[in-house]
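Just so it is clear: chains get the letters A, B, ... in the order the sequence lines come, proteins before strands, and each one is counted from 1. All values below come from the heavy atoms of this structure, side chains included, with hydrogens, waters and symmetry mates left out.
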2 protein chains.
Amino acid sequence: MNADASTKRPGGRSARVRAAVHGAAVALVGERGADQVTLPAVAERAGVNSSTLYRRWGTLAALLADVARHRGDASAPPLVGDLRADLENQAVWTLAELSRPGGIAFFRAEVAPDVDERHDGLRECLHGVSERFRPVLDTARERGDAPPPPSLERVLDRIVAPLYFRVVFSIPGTDEAYVRALVAGLIGEAPLER
Amino acid sequence: MNADASTKRPGGRSARVRAAVHGAAVALVGERGADQVTLPAVAERAGVNSSTLYRRWGTLAALLADVARHRGDASAPPLVGDLRADLENQAVWTLAELSRPGGIAFFRAEVAPDVDERHDGLRECLHGVSERFRPVLDTARERGDAPPPPSLERVLDRIVAPLYFRVVFSIPGTDEAYVRALVAGLIGEAPLER
DNA sequence: GCGCTAAAGCGGTGATCTCTGCTTTAGTGC
DNA sequence: GCACTAAAGCAGAGATCACCGCTTTAGCGC
């Protein structure tokens with residue numbers, strides 16, 4: 001569970017192993033699905049001894065959760081200062097992240113861990129999503145936008161939830177245009193009725 | 001894979017075994033979580049030999065998908081002929097079904113099966129949800145309701161998706177009142193702003 | 001360079017799972 | 001009732017996984 005890159009010895013080897021393992025995990029989950037992946041399999045693909053994985057991560061769920069956490073760090077789009085644009089950007093990025101090979105698999109992994117840790121994984125995942133949208137709404141409110149921005153809860157219901165739902169069920173037509181329609185439906189001047 | 005109750009010999013014993021296995025699966029998933037359940041464990045709880053499970057279902061995912069399919073058959077609420085009431089009833093029932101112990105676990109099981117069958121499981125699950133709401137909209141349309149009912153896609157986005165999302169992330173306050181607010185937000189005369 | 005030590009590698013062990021050939025039980029049609 | 005056979009039970013083999021003591025490697029501070 002402690003898998004901070006910055007714990008004790010972040011130098012060469014640990015970091016290399018970490019990177020190799022993360023890469024192998026992403027690859028395997030992408031091509032087999034999270035259910036068909038085991039720690040030994042990841043270890044072999046990464047060219048690393050499996051005992052290392054058991055020591056550093058303990059369980060597959062913990063490893064996948066770790067991967068998910070550090071996935072797409074520092075790639076989130078910046079705020080531009082316009083509510084509609086920012087909502088669209090964050091939503092499009094969220095959609096893209098979910099749609100990446102194994103995207104939902106990692107989402108599921110974070111949701112899935114053993115019953116004890118399940119709640120933590122869930123909270124963390126939801127927190128991550130929320131924190132991507134909260135600044136958007138906060139700055140809009142501080143800016144004093146004409147119609148005050150919707151609540152975070154509403155954004156989750158009207159934008160994030162449909163995205164997750166549609167990606168999980170791979171409903172066709174879930175693209176950028178659809179995201180824009182969702183945003184438009186939420187903050188008014190809905191152009192196209194879907 | 002083929003697990004129709006009505007294949008070759010639906011008589012006494014097969015049906016009993018089937019029921020025992022389904023019950024054991026529900027119990028175990030409910031108390032341990034789907035990840036901690038194995039076919040031998042289900043077999044033992046059901047008082048059935050594990051080879052039977054391997055022969056009839058093959059994999060845990062297939063078993064759970066089978067259970068999910070036959071879960072809550074014939075318990076869905078009837079149509080009363082009023083769009084709002086019917087939407088609310090179906091949505092409340094869906095929420096209740098998802099919230100049952102292991103509810104999301106079974107949802108996930110249907111979503112999860114090995115990559116080959118994943119698409120089938122997904123399609124079937126989505127189809128099941130859709131078919132609960134489609135009649136509601138169809139009858140409303142045939143009835144010639146004043147504002148025509150929303151599209152099925154819209155119902156999925158605005159009602160079903162938030163429910164799934166909130167149950168998966170166990171967001172508090174996801175109850176009957178919330179469902180009514182969702183419906184109200186969709187078909188107009190939204191009473192309470194959330 | 002040189003020790004120090006965190007972390008990775010190696011090998012092995014017990015437990016569990018998955019699957020299969022054969023036997024036995026018990027519905028179903030006559 | 002009685003034969004027929006689908007389906008369940010039994011037992012065991014092979015594979016894999018989870019885990020752990022010990023050894024070896026290689027960053028890091030001096």
Side-chain angles (χ1 to χ4, degrees), chain A residues 1-25 28-29 32-66 70 109 112-117, chain B residues 1-25 28-29 32-66 70 109 112-117:
Chain A
M1 267 301 119
N2 82 324
D4 302 328
S6 52
T7 29
K8 281 294 176 55
R9 197 169 275 196
R13 186 150 78 151
S14 294
R16 275 199 305 277
V17 167
R18 178 189 197 74
V21 169
H22 277 215
L28 284 178
V29 168
R32 295 189 201 172
D35 305 325
Q36 301 300 316
V37 175
T38 62
L39 284 187
V42 175
E44 190 189 358
R45 169 72 70 103
V48 163
N49 197 280
S50 64
S51 63
T52 298
L53 301 200
Y54 284 108
R55 282 191 219 285
R56 280 187 67 163
W57 288 280
T59 68
L60 178 70
L63 169 60
L64 294 187
D66 183 40
H70 296 281
D114 349 351
V115 221
D116 319 332
E117 312 163 19
Chain B
M1 320 300 113
N2 77 322
D4 301 329
S6 52
T7 29
K8 281 294 177 53
R9 196 172 275 195
R13 185 149 80 149
S14 295
R16 275 199 305 278
V17 167
R18 178 189 197 74
V21 169
H22 277 214
L28 284 179
V29 168
R32 293 190 201 173
D35 305 325
Q36 301 300 316
V37 175
T38 61
L39 284 186
V42 175
E44 191 189 357
R45 170 72 69 103
V48 163
N49 197 281
S50 64
S51 63
T52 297
L53 301 199
Y54 284 106
R55 282 191 221 284
R56 280 187 68 164
W57 288 280
T59 69
L60 179 69
L63 169 60
L64 295 187
D66 184 40
H70 297 280
D114 348 353
V115 221
D116 318 333
E117 313 163 18

In short, Leu60(B) meets Thr38(B) closest at the heavy-atom pair CD1-C, 4.5 Å
Ala25(B) and Leu63(B): which non-hydrogen atoms are nearest, and at how many Å? CB-CD2, 4.3 Å
Atom pair NE2/CG of His22(B) and Asp66(B) - distance to nearest 0.5 Å: 4.0 Å
Gap between atom CG of Leu39(B) and atom CZ of Arg56(B) - 0.5 Å precision: 13.0 Å
By a strict heavy-atom criterion of less than 4.0 Å, which residues belonging to residues 45-53 of chain A are in contact with DNA chain D? Ser51(A)
Taking atom C1' of dC10(D) as reference, at what distance in whole Å does atom CD of Glu44(B) sit? 16 Å
Looking only at heavy atoms, the pair that brings Ala20(A) and Ala46(A) closest together is O-CB, 3.6 Å
Shortest non-hydrogen separation from Pro40(A) to Tyr54(A) and the atoms involved: CD-OH, 3.5 Å
Go through the N and O atoms of the side chain of Arg55(B) and the base of dG9(D), and report whether any donor-acceptor pair is under 3.5 Å. yes
Using a cut-off of strictly less than 4.0 Å, decide whether Arg56(A) has a side-chain nitrogen or oxygen near OP1 or OP2 of dA7(C). no
Set out, line by line, the N/O atom pairs under 3.5 Å between protein and nucleotides 13-17 of chain C.
residue : atom : partner  : partner atom : Å
dC17(C) : OP1  : Thr38(B) : OG1          : 2.8

What's the shortest heavy-atom distance between Val21(A) and Val42(A), and which atoms? O-CG1, 3.9 Å
To 10°, what angle do the rotation axes through the five end pairs on each side of the helix from dG1(C)-dC30(D) to dC30(C)-dG1(D) form? 50°
At what distance, to the nearest 0.5 angstrom, does CZ of Arg55(B) lie from CG of Asn49(B)? 9.0 Å
Measure the distance from CG on Leu63(A) to P on dA18(D) and round it to the nearest whole Å. 12 Å
Say you draw a straight line from CZ of Arg18(A) to NE2 of His70(A); how long is it, rounded to the nearest 0.5 Å? 5.0 Å
Does a nitrogen or oxygen in the side chain of Arg16(B) sit under 4.0 Å from OP1 or OP2 of dG27(C)? yes
OG1 (Thr59(B)) and CG (Leu64(B)) are apart, to the nearest 0.5 Å, by 8.5 Å
